[in-house]
Each structure stands twice: as C-alpha cells, then as structure tokens.
Number of protein chains: 2
Amino acid sequence: MRHKNVEIVAEKCALQEILDVIGGKWAMSIIYALFSGTRRFSELERMIPGINTRMLVKELKNLTQNGIVTRKVYPTVPPTVEYTLTPKGRKLEPSIAELYKWGQEYVK
Amino acid sequence: MRHKNVEIVAEKCALQEILDVIGGKWAMSIIYALFSGTRRFSELERMIPGINTRMLVKELKNLTQNGIVTRKVYPTVPPTVEYTLTPKGRKLEPSIAELYKWGQEYVK
DNA sequence: CAGAATCCACCTCGATACTG
DNA sequence: CAGTATCGAGGTGGATTCTG
C-alpha cells in the first residue's frame with residue numbers, strides 16, 4: 001500500500017476556499033439550516049442555538065462574499081432580509097450531509 | 001419552500017467534533033494524503049507543501065487523539081514512525097473527496 | 001528521522017450595548 | 001427586525017532552534 005513516489009497533495013487554492021466556507025465555527029450550521037430553504041435572519045438565529053448576532057452577521061457576510069448565499073432585502077418596516085443558498089452553495093449539500101452522518105455515527 | 005416551524009439544527013456535539021477533525025488549517029490535507037495509504041512523518045511533510053514541522057506534529061497528535069489516525073513507532077535508528085487512517089478516518093473519505101471536487105469546480 | 005520547546009503576531013469568538 | 005460598534009480573552013498558526 002506504500003508508494004515510492006510521494007505525490008504532492010492539496011493545491012492550496014481549493015483548500016483555502018473550502019476552509020473559508022466551512023471552516024468557521026458556525027458556517028456549517030448556517031449552510032445546513034439553509035438546506036431546508038430560504039430563511040430570514042431571525043429564523044436562522046433561532047434555528048442555531050448558541051450563536052449570537054455578531055457571529056451570524058459575520059458568517060452570513062462571509063458566505064455571501066464567497067458566493068454561497070444570496071441576500072435579499074425587502075424595503076419594509078420593520079426590515080425583512082432573506083438568505084438563500086446559491087447553486088454553488090447547494091452543491092455543498094452532499095458533502096456536508098455526509099459529514100453530519102459521520103459525526104452522528106462517531107459521537108462519543 | 002418556507003417552513004412555518006423553525007427546526008433546531010446542528011446539535012453541537014457532532015459539529016464540534018467534525019470541526020475538531022477537519023477544521024484545522026492542515027487537517028484535510030493530511031487526511032487526504034493518508035487516503036493513499038500509510039505514510040511516514042517525513043513523507044507527509046513532503047506531500048504537503050507549506051506545512052512546517054510544528055504544525056504537522058500538532059495536527060497528527062490531534063488526529064490521533066480523535067481516533068482518525070494511528071501512530072506506529074518502529075524502534076530503529078534513526079526512528080521510523082508511520083501514520084495510518086483508522087476505519088473511522090477512512091469513513092471521512094467520501095465527504096472529503098466531495099469537498100475537494102467542489103473546491104476544484106468553483107475555484108476562481 | 002521525528003519530533004519538542006519557545007516566542008509572538010495575529011485572528012476568532014463571545015458578551016454586551018446601541019440604532020434606523 | 002436586522003443589523004453595527006466596541007472590548008477583551010483566548011486560541012491558532014508561523015518561524016526558528018534544539019535533541020535522542
């Protein structure tokens with residue numbers, strides 16, 4: 001099973017972005033929550049116990065900049081903002097669902 | 001596509017361990033490298049450009065403690081140490097392979 | 001060869017208070 | 001409702017040097 005020639009793995013650009021997207025403490029929770037459909041800011045806040053406003057804002061901004069979610073603002077009073085996964089974001093579903101399964105199988 | 005009832009997602013224990021395992025800057029590279037089979041410390045160091053000794057040691061220790069890799073020491077001079085994925089570690093293969101594919105598809 | 005030991009510059013995250 | 005602003009503690013990762 002050992003190879004004599006050691007191939008170089010992990011070209012950094014791809015890895016960098018993957019960790020940018022799912023490496024944050026709350027990122028996977030948010031993406032996971034959005035798998036079930038479009039959500040408002042306050043809905044996400046309630047779906048993810050333990051997160052606080054600052055973290056949710058920050059992570060959503062990051063995910064938006066990375067093209068994972070879109071942010072739609074309705075000019076109502078009080079304001080309404082909805083977050084939805086982009087196609088790029090939805091393509092994360094299989095991997096993240098698998099990771100969740102893994103985590104549940106091996107939780108101590 | 002909107003649900004009236006907001007389900008709670010992301011029970012924290014599972015997520016916590018997933019991020020513990022793959023959230024580190026070099027963790028995925030190491031696991032990915034070990035998909036191809038057992039590797040020595042120095043092999044891993046060469047397979048993963050940009051990593052340094054301290055980080056490789058630290059991450060391997062973490063992965064060992066999390067039951068992802070096993071560490072086998074041969075009492076030779078100079079020392080030989082081999083790292084291998086456990087069954088638990090190998091079960092990460094589908095998710096991580098998917099993530100890699102995703103990263104390569106969406107790299108800017 | 002396979003680490004251990006230091007030192008340090010960030011950076012991340014949490015809590016809290018405030019606003020259009 | 002959906003954020004912004006501020007503060008501080010702790011953690012993370014990088015460079016480098018040393019050792020059995």
Side-chain angles (χ1 to χ4, degrees), chain A residues 2 4 6 10 12-13 15-31 33-34 38-66 69-84, chain B residues 2 4 6 10 12-13 15-31 33-34 38-66 69-84:
Chain A
R2 295 284 298 281
K4 232 20 182 183
V6 162
K12 55 182 131 308
C13 31
L15 255 185
Q16 197 69 3
E17 178 163 7
I18 295 170
L19 287 181
D20 233 49
V21 171
I22 64 155
K25 182 170 179 185
W26 300 102
M28 279 206 287
S29 303
I30 296 173
I31 297 173
L34 290 175
T38 298
R39 295 291 179 184
R40 297 184 60 175
F41 186 88
S42 53
E43 286 181 309
L44 290 172
E45 207 162 11
R46 270 172 286 135
M47 291 172 84
I48 305 171
I51 201 171
N52 62 23
T53 305
R54 194 178 89 89
M55 281 299 111
L56 184 53
V57 170
K58 194 178 175 184
E59 204 58 67
L60 283 171
K61 195 171 292 180
N62 180 39
L63 291 172
T64 304
Q65 281 166 359
N66 276 297
V69 309
T70 52
R71 180 176 181 272
K72 187 165 186 184
V73 185
Y74 297 90
T76 55
V77 178
T80 303
V81 181
E82 288 185 342
Y83 293 90
T84 313
Chain B
R2 296 282 298 279
K4 230 25 182 179
V6 162
K12 55 181 128 312
C13 32
L15 255 186
Q16 196 69 4
E17 178 164 7
I18 294 170
L19 286 181
D20 233 47
V21 170
I22 64 156
K25 183 170 177 184
W26 301 102
M28 279 206 286
S29 302
I30 296 173
I31 297 173
L34 290 175
T38 297
R39 296 293 180 182
R40 298 183 58 176
F41 186 88
S42 52
E43 285 181 310
L44 290 172
E45 207 160 12
R46 269 172 287 134
M47 289 172 85
I48 305 170
I51 201 171
N52 63 22
T53 307
R54 194 177 91 89
M55 280 301 111
L56 184 53
V57 171
K58 194 178 175 186
E59 204 58 65
L60 283 171
K61 193 172 292 177
N62 180 39
L63 292 172
T64 304
Q65 282 167 358
N66 276 296
V69 308
T70 53
R71 180 175 180 273
K72 188 165 186 185
V73 185
Y74 297 90
T76 56
V77 178
T80 302
V81 182
E82 287 185 344
Y83 293 91
T84 312

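A, B, ... follow the sequence lines: proteins, then strands. Residue 1 opens every chain.
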Within this structure, what is the CH2-to-P distance between A/W26 and C/dC13, rounded to whole angstrom? 10 Å
Taking only N and O in the side chain of B/K58, is any of them less than 4.0 Å away from OP1 or OP2 of C/dG3? no
Which is more 5' along DNA chain C, the nucleotide nearest A/G50 or the one nearest B/K61? Just name the residue. B/K61
Please evaluate residues A/W26 and B/L15 with respect to the criterion side-chain contact (heavy atoms from CB on, under 4.5 Å), reporting the C-alpha separation (whole Å), side-chain torsions for both, the decisive distance (0.1 Å), and the verdict. CA-CA 9 Å; A/W26 300 102; B/L15 255 186; 6.0 Å; no
From CD of A/E59 across to P of C/dC11 the rounded distance in Å is 16 Å
For B/S42 and C/dA2, is the shortest distance between a side-chain N/O and OP1 or OP2 below 4.0 Å? yes
What is the separation between atom CG on A/N52 and atom P on D/dC1, rounded to the nearest whole Å? 17 Å
D/dA2 OP1/OP2 closer than 4.0 Å to side-chain N/O of A/R40: yes
d(CE, B/M55; C1', C/dA4) in whole Å: 13 Å
Option among B/I31, B/T84, B/L34 that satisfies the side chain to side chain contact (heavy atoms under 4.5 Å, CB included) test with B/V69: B/L34
Under 4.0 Å from any atom of DNA chain D, heavy atoms only: list the residues of residues 70-79 of chain B that qualify, in numerical order. B/P79
When the distance from CG of A/N62 to P of C/dC13 is rounded to whole Å, what number comes out? 10 Å
Given the rule in the side-chain contact (heavy atoms from CB on, under 4.5 Å) test, do B/K25 and B/M55 qualify, once you have shown the distances and angles that lead to the verdict? CA-CA 9 Å; B/K25 183 170 177 184; B/M55 280 301 111; over 6 Å; no
What's the closest nucleotide to the side chain of B/V57 if the choices are D/dC1, D/dG3, C/dA4? C/dA4
To the nearest angstrom, how far is B/E82 atom CD from C/dG3 atom C1'? 16 Å
Once you apply a heavy-atom cut-off of 4.0 Å, does B/V81 come out as touching a base, just sugar-phosphate, or nothing? sugar-phosphate
Take A/G23 and A/T53, find for each the nucleotide of DNA chain C with the closest heavy atom, and name the residue whose nucleotide sits nearer the 5' end. A/G23
Atom-to-atom span, CD1 of B/I51 to P of C/dA2 - whole angstrom: 14 Å
Evaluate side-chain contact (heavy atoms from CB on, under 4.5 Å) for A/L60 paired with A/R71, printing each intermediate quantity in order. CA-CA 9 Å; A/L60 283 171; A/R71 180 176 181 272; over 6 Å; no
Given B/I51 and B/L44, is the side-chain contact (heavy atoms from CB on, under 4.5 Å) satisfied, shown in steps? CA-CA 9 Å; B/I51 201 171; B/L44 290 172; over 6 Å; no
Less than 3.5 Å between a donor and an acceptor, one on the side chain of B/R54 and one on the base of C/dG3, is that the case here? no
In whole angstroms, the gap separating C1' of D/dA2 from CZ of A/F41 amounts to 6 Å
